[in-house]
Colleague: 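Structure in structure tokens, see below.
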Amino acid sequence: MDVGHAESVGRAVEALKRARAVAAITGAGISAESGVPTFRGPDGLWRNFRAEDLATPEAFARAPGLVWEWYRWRRGRIAGAQPNAGHLVLARFEDRWPDFALLTQNVDGLHRRAGSRNVVELHGSLWRARCTAEPARVFDEMQQAPGTGDPGRVPACPACGAPLRPDVVWFGEALDPAAVARAHDAVTSCDVLLVVGTSAIVYPVAALPALARRSGATIIEVNVDRTPLTADADIVLRGAAGVVLPEVERLL
Ligand code: OAD
């Protein structure tokens with residue numbers, strides 16, 4: 001560990017030790033070490049696929065089978081992946097601080113599989129489907145919705161027969177207001193906000209660190225690279241989440 005990095009880890013540990021309430025925002029980078037592709041990295045999904053063809057309401061209206069195929073492919077990749085050390089540290093942080101909020105942009109479900117119970121999935125979940133006619137009808141873990149796993153099939157709502165869609169947020173869609181409200185509460189009431197493995201450019205989540213800062217929180221960024229947030233973060237821990245988060249935890 002170089003001296004600058006060790007000092008930053010030390011400052012992060014001190015801030016966390018003083019904190020009464022802690023929040024974390026995670027992005028695709030935290031799952032990279034589990035073998036799940038990010039969106040904008042060298043092998044990122046948006047470098048190999050066009051979001052307009054796969055992750056918009058228009059794409060689903062045009063070619064629902066293709067969209068389902070893509071989500072099934074992603075589920076297949078994730079089903080074989082395991083939560084990594086970074087996910088596990090954040091799951092243990094839930095026990096360390098009674099007031100700990102985990103806000104994720106990830107739809108992979110790895111935080112829950114790592115043991116986190118209180119996760120706000122701001123962009124939805126790959127493991128749920130919902131009815132296009134009655135959005136309140138959500139089918140968890142795909143189990144109650146026959147056909148969601150069948151290749152080439154657009155599954156139908158078991159209650160009304162309308163097509164089901166993945167329960168994720170697509171480009172051009174609003175986030176669930178209840179999830180956004182929970183995220184706002186968490187970032188405006190925390191003493192420390194960890195921002196882990198996100199390019200911090202997709203709104204509205206990208207606005208949360210600035211909101212936390214205005215409310216007095218210390219912002220700690222954990223990322224292998226610079227992001228637009230880096231200059232405004234109080235502490236920058238440069239490195240892989242699966243390495244850096246355990247380093248921090250060991251000193252807590
Ligand atoms: P991105 O792919 O945009 O960014 C991933 C970030 O993780 C980058 O800043 C990387 O430098 C960093 N990173 C990569 N490996 C890492 C590691 N091992 N440890 C720490 N950091 C690492 O993914 P997101 O920021 O999550 O939205 O993207 C945000 C949203 O854009 C996604 O939720 C998705 C996408 O379009 C929707 O689909 C609505």
Colleague: Does the side chain of Leu45 come within less than 4.5 Å of Thr38's, by heavy atoms?
Modeller: no
Colleague: Donor-acceptor pair, distance only, cut-off 3.5 Å: does the side chain of Thr198 make one with the backbone of Ala200?
Modeller: yes
Colleague: Glu7 side chain to Gly4 main-chain N or O, any donor-acceptor pair under 3.5 Å?
Modeller: no
Colleague: Is a side-chain N or O of Arg62 found less than 3.5 angstrom from the main chain of Pro57, in a donor-acceptor match?
Modeller: no
Colleague: Is the closest side-chain heavy-atom distance between Asn48 and Asp43 below 4.5 Å?
Modeller: yes
Colleague: Any ion pair linking Arg117 and Asp95 (charged N to carboxylate O, less than 4.0 Å)?
Modeller: yes
Colleague: Look only at the side chain of Trp46 and the backbone of Ala51, and say whether a donor-acceptor pair between them is shorter than 3.5 Å.
Modeller: no
Colleague: Exactly one of Val244, Leu252, Val196, Leu245 should register a side chain to side chain contact (heavy atoms under 4.5 Å, CB included) with Val89. Which one does?
Modeller: Leu245
Colleague: Is the backbone of Arg20 close enough, under 3.5 Å, to the side chain of Trp97 for a donor and an acceptor to pair up by distance?
Modeller: no
Colleague: Report the distance from atom OG of Ser31 to atom CG of Asn106, rounding to the nearest 0.5 Å.
Modeller: 4.5 Å
Colleague: Nearest 0.5 Å please: distance from the CZ atom of Arg128 over to the CG atom of Leu164.
Modeller: 13.5 Å
Colleague: Is there a side-chain contact between Phe93 and Glu249 in this structure, where contact means two heavy atoms from C-beta onward sitting under 4.5 Å apart?
Modeller: yes
Colleague: CZ/Arg130 to CZ/Phe139 distance, rounded to the nearest 0.5 angstrom?
Modeller: 12.0 Å
Colleague: So, Arg165 side chain and Cys131 main chain: donor-acceptor pair closer than 3.5 Å or not?
Modeller: no
Colleague: Anything under 3.5 Å between a donor and an acceptor, one on a side chain of residues 178-188, the other on a protein residue two or more places apart or in another chain? List them.
Modeller:
unit_1 : atom_1 : unit_2 : atom_2 : d
Arg182 : NH2    : Asn118 : OD1    : 2.8
Thr188 : OG1    : His184 : O      : 2.7
Thr188 : OG1    : Asp185 : O      : 3.3

Colleague: Quick one, His123 and Val205 - any side-chain contact, counting heavy atoms below 4.5 Å?
Modeller: yes
Colleague: Would you kindly confirm whether Val22 and Val236 end up in one hydrophobic cluster when ILVMFWY residues are joined by side chain heavy atoms under 4.5 Å apart?
Modeller: no
Colleague: Any side-chain heavy atom of Ile220 within less than 4.5 Å of one from Val195?
Modeller: no
Colleague: Side chains of Glu221 and Thr230: any donor to acceptor distance under 3.5 Å?
Modeller: yes
Colleague: Hydrogens and angles aside, do Asp234 and Thr218 bring a side-chain donor and acceptor to less than 3.5 Å of each other?
Modeller: no
Colleague: Donor-acceptor pair, Glu94 side chain versus Ser116 backbone, under 3.5 Å?
Modeller: no
Colleague: Using the rule that two of Ile, Leu, Val, Met, Phe, Trp, Tyr join whenever any of their side-chain heavy atoms come within less than 4.5 Å, decide whether Phe49 and Tyr71 are in one cluster.
Modeller: yes
Colleague: Is there a path of hydrophobic side-chain contacts, each under 4.5 Å between heavy atoms of I, L, V, M, F, W or Y residues, that connects Leu103 with Ile219?
Modeller: yes
Colleague: Under 4.5 Å between side-chain heavy atoms, counting indirect links through other Ile/Leu/Val/Met/Phe/Trp/Tyr residues: same cluster for Ile78 and Val168 or not?
Modeller: yes
Colleague: Check this for me: does any side-chain nitrogen of one of Arg72 and Glu69 sit under 4.0 Å from a carboxylate oxygen of the other?
Modeller: yes
Colleague: Salt-bridge test for Glu247 and Arg238: reply yes if a basic N is under 4.0 Å from a carboxylate O, no otherwise.
Modeller: no
Colleague: Relative to the ring of His87, is the ring of His111 parallel (under 30°), tilted (30 to 60°) or perpendicular (over 60°)?
Modeller: perpendicular
Colleague: Is there a chain of hydrophobic side chains (I, L, V, M, F, W, Y, each step under 4.5 Å between heavy atoms) that links Ile235 to Leu229?
Modeller: no
Colleague: Asp167 side chain to Gly124 main-chain N or O, any donor-acceptor pair under 3.5 Å?
Modeller: no
Colleague: Measure the spacing between CG of Asn84 and CG of Leu110 and express it to the nearest 0.5 Å.
Modeller: 8.0 Å
Colleague: Rounded to the nearest 0.5 Å, what separation is found between the CG atom of Leu126 and the CZ atom of Arg77?
Modeller: 12.5 Å
Colleague: Look only at the side chain of Thr56 and the backbone of Phe171, and say whether a donor-acceptor pair between them is shorter than 3.5 Å.
Modeller: no
Colleague: Check the angle between the aromatic planes of Trp70 and Trp73 and answer parallel, tilted or perpendicular using the 30° and 60° thresholds.
Modeller: parallel
Colleague: Can any side-chain N or O of Arg96 pair as donor or acceptor with the backbone N or O of Leu90 at less than 3.5 Å?
Modeller: no
Colleague: Can you tell if the side chain of Thr104 reaches within under 4.5 Å of the side chain of Leu122, non-hydrogen atoms only?
Modeller: no
Colleague: Would you say Ser199 and Thr227 are linked by a side-chain donor-acceptor pair, where the criterion is simply a distance under 3.5 Å?
Modeller: no
Colleague: Output the distance between atom CG (Leu208) and atom CZ (Arg213), rounded to the nearest 0.5 Å.
Modeller: 15.0 Å
